[in-house]
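Start at 1 with the first residue, then count along the sequence. Counting starts at 1 for both ligands and their atoms, in listed order.
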Amino acid sequence: MEGPEIRVLADVGEVCRAAAEEFVRQADGFVRTNGRFTVALSGGSTPRGLYRLLAGEGESALPGRIPWRQIHVFWGDERHVPPDHPDSNYRMAREALLSRVPVPPENIHRIPAENPDAVFAAEQYAQTLHDAFRLTAGQFPRFDLILLGMGPDGHTASLFPGTEALRERERPVVAQWVETFQASRITLTLPVLNNAACVIFLVAGQEKAETLRAVLQGGGQPDRFPAQLIRPARGRLLWILDRAAARLLTSLG
Ligand code: 6PG
C-alpha cells in the first residue's frame, strides 16, 4: 500500500465539506458499479458536521446527489449504551443524518449496544456483518468506505492504546473494556478496518496536533498510537485534517 493521502484544510467546516464530497463521489461510484454502497460511520463529535451536510444542512445540494436507497449504513464502533442514550454513536448519526434522508430502515445496521452483555452484542453485530456481506467462514467484510476519527490519545474506532482489541485477528467485532471511561465499547477490529476499499480519517483541533505528528511522522508505536495500525491492504487511506491539528506536521509537499 502506498503512503496515506493527507489533505490539510482551513477548519473543521472545510474538513467536513471535503469529506462530504468524497462521500458523494464514492457513493455514486459504488452504486453505479455494485448497485449498493456500504459505509461504516464513525462516532464522536467531528463527523457530526459531515452528517449534517449530507442531510442538506446549510442549503447544501448534497442530499439530492446521493443514492440513499442503495446505501447500507453501519458503525465502526459503539458505546455500550442504548440507542437513545446521549453517548450513542447511533443516536448522533440518526439525529444529524439518518432521520433526515431516505435510507431504508432495513439498510441501517446499528450495533445492538443496548444488550447488557457487550460480548453478546459484539457477536450479534458480527452476525449482522456476516449476513449483510454474505460472508463465508473466516471471511472479513470489505466496506466500500470506513469513516474514522482519532482521539488525543491516538485511539481510533474503539481501539484504545494497550488493549487486547489491538491484537484481535480472528473476530471482526469485539467488546473491549476501556479503563479510561470505566465502560465497555464494541468495535470493528483491524482485519475489518484494514480490509476496506477506502478509509477516511477526519481529524480537527489543536489538541490532536501532537498525537497526529506522532502517528503520521513519529516512529512506529502502534500499541501506544492505535491509529498507526490503520493501513488498508487493498485500499485507499485518506487523512482529512484541519490546520490546527496538522500544525506540527512537516514537509507535506
Ligand atoms: C467514538 C469514536 C472515536 C472518535 C474519536 C475522535 O466512539 O468516540 O468512534 O474513535 O472517532 O474519539 O472523536 P472526536 O471526533 O469527538 O474528537
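Put simply, the side chain of S88 never gets that close to the backbone of D84: no donor and acceptor are under 3.5 Å apart.
Residues A18 and L9 come closest through the heavy atom pair CB-CD1, 3.4 Å. The nearest pair of heavy atoms linking P226 to P161 is CG-N, 3.5 Å.
Contact shell of ligand 1 (protein heavy atoms, cutoff 4.0 Å): G43, G44, S45, T46, D77, R79, N89, G149, M150, G151, H155, T156, A157, R185, K208.
The aromatic ring centres of F143 and F133 sit less than 6.0 Å apart.
Partners of Y125 according to the ring-ring contact (aromatic ring centres under 6.0 Å, His included) rule, which considers only residues two or more places apart in sequence or in another chain, do not exist here.
The aromatic rings of F160 and F181 lie perpendicular to each other, with more than 60° between the two planes, well past the 30° mark.
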